[in-house]
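If you're wondering where the values come from, they're calculated on a predicted model, not measured in any experiment. Side chains included, hydrogens not; waters and symmetry mates left out as well; all remaining heavy atoms used.
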Amino acid sequence: QVQLVESGGGLVQAGGSLRLSCAASGRTFSSLAMGWFRQAPGKEREFVAAIRWSGGSTVYANSVEGRFTISRDNAKNTVHLQMSNLKPEDTAVYYCAAEPGRWVLRQEYEYTYWGQGTQVTVSS
């Protein structure tokens with residue numbers, strides 16, 4: 001079992017920045033592929049970013065490429081999502097996800113473990 005707890009969400013004006021964190025426990029963190037997803041009101045959950053176990057490989061959704069950065073600290077069992085130049089359309093609940101294995105995963109169905117989510121609201 002893997003437990004994931006997100007933090008760092010909040011209300012920010014368009015153009016601002018936020019840093020989300022996800023703390024993992026229950027399994028060796030460096031054995032986990034990690035990802036971030038988001039779900040806006042009335043929409044399906046969508047992929048945002050993912051990172052390989054070593055941190056050496058990342059992938060992003062086109063909508064956030066160049067504005068968001070995913071990183072991980074295996075010594076602290078934490079993955080981060082640095083979000084910059086935020087837009088109102090980034091408003092959503094952001095979820096952290098984990099899957100045992102050393103890949104970079106983009107699909108929701110590929111992840112077994114999920115956090116409860118943290119709300120990000122971007123005002124115009």
| Where the side chain of Arg72 meets the backbone of Arg52, is there a donor-acceptor pair that is under 3.5 Å apart? | yes
| Side-chain heavy atoms under 4.5 angstrom apart, residues restricted to Ile, Leu, Val, Met, Phe, Trp, Tyr: same cluster for Phe68 and Tyr111? | no
| said: With a 4.5 Å cut-off on side-chain heavy-atom distances among I, L, V, M, F, W and Y, is there a chain of contacts connecting Leu105 to Tyr94? | reply: no
| task | Can you measure from CE (Met34) to CG (Leu81) and round to the nearest 0.5 angstrom? | result | 11.5 Å
| If Ile, Leu, Val, Met, Phe, Trp and Tyr residues are connected whenever their side-chain heavy atoms lie under 4.5 Å apart, and connections chain through other members, are Tyr113 and Val5 in the same group? | no
| note | Rounding to 0.5 Å, atoms CE (Met83) and OG1 (Thr69) come to a distance of 11.0 Å
| task | Go through Gln119 and Thr91 one step at a time and tell me if the side-chain contact (heavy atoms from CB on, under 4.5 Å) criterion holds. | result | CA-CA 8 Å; Gln119 177 71 47; Thr91 295; 4.0 Å; yes
| query | Would you find a donor on one side and an acceptor on the other, under 3.5 Å apart, between the side chain of Thr58 and the backbone of Ile51? | reply | no
| query | Closest approach of Ala92 and Ala40, non-hydrogen atoms and distance? | reply | CB-N, 3.8 Å
| request: Taking all heavy atoms of Leu18 and all of Leu86, pick out the closest pair and write down the distance. | output: N-CD1, 3.8 Å
| Cluster overlap Val104 with Phe47, hydrophobic side-chain contacts below 4.5 Å | yes
| So, does Gln82 use its side chain to make a donor-acceptor pair with the main chain of Arg19 at under 3.5 Å? | no
| query | Taking the side chain as C-beta and beyond, is there a heavy-atom pair between Lys76 and Phe29 under 4.5 Å? | reply | no
| message | Within this structure, what is the CD-SG distance for the pair Glu6 and Cys22, rounded to the nearest 0.5 Å? | response | 5.0 Å
| request: Please report the closest heavy-atom contact between Val93 and Gly117, naming both atoms and the distance. | output: CG1-CA, 3.8 Å
| task | Look only at the side chain of Arg106 and the backbone of Ala50, and say whether a donor-acceptor pair between them is shorter than 3.5 Å. | result | no
| Note, Tyr60 side chain near Arg67 side chain (heavy atom, < 4.5 Å) | no
| query | In terms of hydrophobic clusters joined by side-chain contacts under 4.5 Å, are Val48 and Val12 together? | reply | yes
| task | Starting at CG of Leu32, measure out to CG of Leu4 and round the result to the nearest 0.5 Å. | result | 8.0 Å
| Within a strict 4.5 Å, meaning less than it, do heavy atoms of the Glu108 and Glu44 side chains meet? | no
| query | Would you say the side chain of Trp36 lies within less than 4.5 Å of the side chain of Cys96, judging by non-hydrogen atoms? | reply | yes
| Just how far is it from atom CZ of Arg27 to atom CD of Gln3, taken to the nearest 0.5 Å? | 11.5 Å
| field | Straight-line distance of Asp90 CG to Arg38 CZ, nearest 0.5 Å | value | 4.5 Å
| With distance as the sole criterion, is a donor-acceptor pair present between the side chains of Glu99 and Thr112 under 3.5 Å? | yes
| field | Reference residue Phe37; test ring-ring contact (aromatic ring centres under 6.0 Å, His included); the match among Tyr109, Trp114, Tyr95 | value | Trp114
| task | State whether the side chain of Asn74 and the backbone N or O of Thr28 hold a donor-acceptor pair below 3.5 Å, judged by distance alone. | result | no
